[in-house]
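Below is one structure, written out as structure tokens; the observations come after it.
Hydrogens, waters and symmetry mates play no part in the numbers below; they use all other heavy atoms, side chains included.
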Number of protein chains: 2
Amino acid sequence: MASVARIVAMTIQTRRERERAERERLIVTAARDLAEAEGWDAVTTRRLAAEIEYSQPVLYSHFKGKDAIMAAVAVRGCEELTVELRASAAAAEGARERLAAVGRAYTGFGRRRPALYDVMFTHRVDLPFATPEAPPALQEAFGELLSAVEPLAAEGEDPALLTETYWAGLHGLVTLMRSGRLPEQAHDRRLALLIGRFAPRATAR
Amino acid sequence: MASVARIVAMTIQTRRERERAERERLIVTAARDLAEAEGWDAVTTRRLAAEIEYSQPVLYSHFKGKDAIMAAVAVRGCEELTVELRASAAAAEGARERLAAVGRAYTGFGRRRPALYDVMFTHRVDLPFATPEAPPALQEAFGELLSAVEPLAAEGEDPALLTETYWAGLHGLVTLMRSGRLPEQAHDRRLALLIGRFAPRATAR
DNA sequence: CAGTGTTCCTAGCGCTGCTAGCGAGGAGAG
DNA sequence: CTCTCCTCGCTAGCAGCGCTAGGAACACTG
């Protein structure tokens with residue numbers, strides 16, 4: 001009897017936990033969608049609460065604060081980015097073309113999903129980044145870049161550092177363009193120049 | 001008599017305008033200093049008003065809003081950046097060394113004055129950038145980069161676009177590092193890699 | 001069915017950027 | 001020198017922000 005009761009309690013418990021987890025996903029999805037539709041300024045705790053049809057304090061039973069919600073959105077964004085990078089790399093042949101493909105995919109992601117990109121790579125958000133405790137999704141995304149850059153590293157060059165440098169170039173292009181500092185229309189040519197610097201034709205042929 | 005009165009009135013007018021202009025400079029300086037000391041979050045209109053020893057609404061008689069104040073700080077920042085870039089370029093010899101010098105100066109500026117850098121190149125601020133109406137200070141800063149990059153452009157490459165691409169690389173390094181996405185300690189090596197891509201040794205020698 | 005514990009909502013705090021409207025004080029006219 | 005006017009900067013307040021305390025209502029336990 002006692003054991004049965006315990007089992008029942010456990011299943012009720014698990015159902016509750018499942019519902020909680022589902023609601024948490026709902027919060028993150030709502031925050032992301034709202035941000036992508038109207039920008040992060042429109043994502044207020046009140047607005048978000050209305051969106052999920054709960055009251056404000058519920059948010060704080062899932063996340064420490066608004067920043068934590070944004071961090072969760074960022075992690076989900078990394079997963080999406082990884083998928084896109086992987087797909088583009090898989091479809092490309094040759095080292096130079098692989099580098100170009102991930103570059104296009106990366107900047108395309110940043111331009112197509114500006115709000116998501118911002119929370120991942122621009123906004124201050126308390127996520128561990130350049131450490132072993134970084135979210136796996138983030139490490140995978142970096143890994144995709146790494147495997148595209150690595151074959152193009154010259155002798156004596158650290159592939160990881162070279163990848164970070166290439167990443168910085170892509171990131172700079174995306175952010176400067178999106179904030180109006182660089183004109184949109186020449187993006188492809190700038191990207192081609194960047195790629196050319198990291199994969200000289202001599203190396204590819 | 002009438003003319004004398006008019007002249008007196010004019011000098012009074014000019015004195016007032018001078019005082020107003022001085023107060024405007026005071027506001028911008030206070031905003032910049034406060035931001036550099038405690039970050040932009042600490043720069044509230046109340047705090048800023050207290051700093052300049054006037055009441056809040058005075059700020060709005062000079063600037064349309066907080067964003068306009070930040071834009072003014074950004075313009076002043078561009079002037080400072082131009083000075084530093086120019087000095088570093090002048091002290092360097094050879095195309096490759098010039099490129100490296102401005103790269104070091106640029107990233108050094110970003111690391112040394114993070115709040116100022118953010119308002120210039122990261123925060124959304126309604127300044128015309130990539131247009132002829134851009135602030136002269138901004139165009140000069142870009143010009144400094146341009147004259148360092150131009151000699152290194154290959155045949156058929158647009159020097160302006162190449163400069164924008166180099167700028168993006170520097171900007172990416174600064175922002176990713178400052179937001180914790182890239183570890184600080186390897187900055188010099190990443191910068192060296194970037195410079196190496198834009199000024200191959202073969203070109204310099 | 002009563003007791004118990006959790007869950008979620010209402011209400012409110014201190015702060016933000018920004019603005020309306022008043023009162024003091026100097027400028028100009030006679 | 002006095003009176004009028006007008007400019008200037010202040011006090012006070014609005015709506016909205018992130019976040020939290022405390023009580024009501026619900027579901028489960030025995």
*Any salt bridge between B/Arg104 and B/Glu97, counting N to O under 4.0 Å?*
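Judged by the 4.0 Å cut-off on N to carboxylate O distance, B/Arg104 and B/Glu97 do form a salt bridge.
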*Taking only Lys NZ, Arg NE, NH1 and NH2, and the carboxylate oxygens of Asp or Glu, determine whether B/Glu53 and B/Arg23 approach each other closer than 4.0 Å.*
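No.
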*So, the side chain of A/Tyr166 versus the backbone of A/Leu99: is there a donor-acceptor pair under 3.5 Å, distance only?*
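Here the side-chain-to-backbone pair exists.
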*State whether the side chain of B/Arg181 and the backbone N or O of A/Met120 hold a donor-acceptor pair below 3.5 Å, judged by distance alone.*
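Looks like yes, one N/O pair under 3.5 Å.
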*Out of B/Arg178, B/Arg32, B/Arg113, which residue meets the salt bridge (charged side-chain N to carboxylate O under 4.0 Å, His left out) rule with B/Asp118?*
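The single option meeting the salt bridge (charged side-chain N to carboxylate O under 4.0 Å, His left out) with B/Asp118 is B/Arg178.
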*Please lay out, stage by stage, how A/Tyr117 and A/Tyr106 fare under the test ring-ring contact (aromatic ring centres under 6.0 Å, His included).*
CA-CA 10 Å; A/Tyr117 187 88; A/Tyr106 184 95; 5.7 Å; yes
Output one line per pair: protein atom, nucleotide atom from nucleotides 9-13 of chain C, and distance, for all N/O pairs under 3.5 Å.
residue : atom : partner : partner atom : Å
C/dC9   : OP2  : A/Ser55 : N            : 3.0
C/dC9   : OP2  : A/Ser55 : OG           : 2.5

*Tell me, which of residues 59-75 of chain B have any heavy atom that sits under 4.0 Å from an atom in DNA chain D?*
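Residues of residues 59-75 of chain B under 4.0 Å from DNA chain D: none.
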Pairs under 3.5 angstrom, nitrogen or oxygen only, protein versus nucleotides 6-8 of chain D, please.
none

_I need the CD-C1' distance between A/Glu19 and D/dC28, as an integer number of Å._
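To the nearest whole Å, that distance equals 14 Å.
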*Answer yes or no: does a side-chain N or O of B/Thr45 lie under 4.0 Å from OP1 or OP2 of C/dC18?*
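For C/dC18, OP1/OP2 do not have a side-chain N/O of B/Thr45 under 4.0 Å.
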*Write down the atom of A/Asp67, the atom of A/Val125, and the distance for their closest heavy-atom approach.*
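Heavy atoms only, the tightest pair is O-CG2, 3.8 Å.
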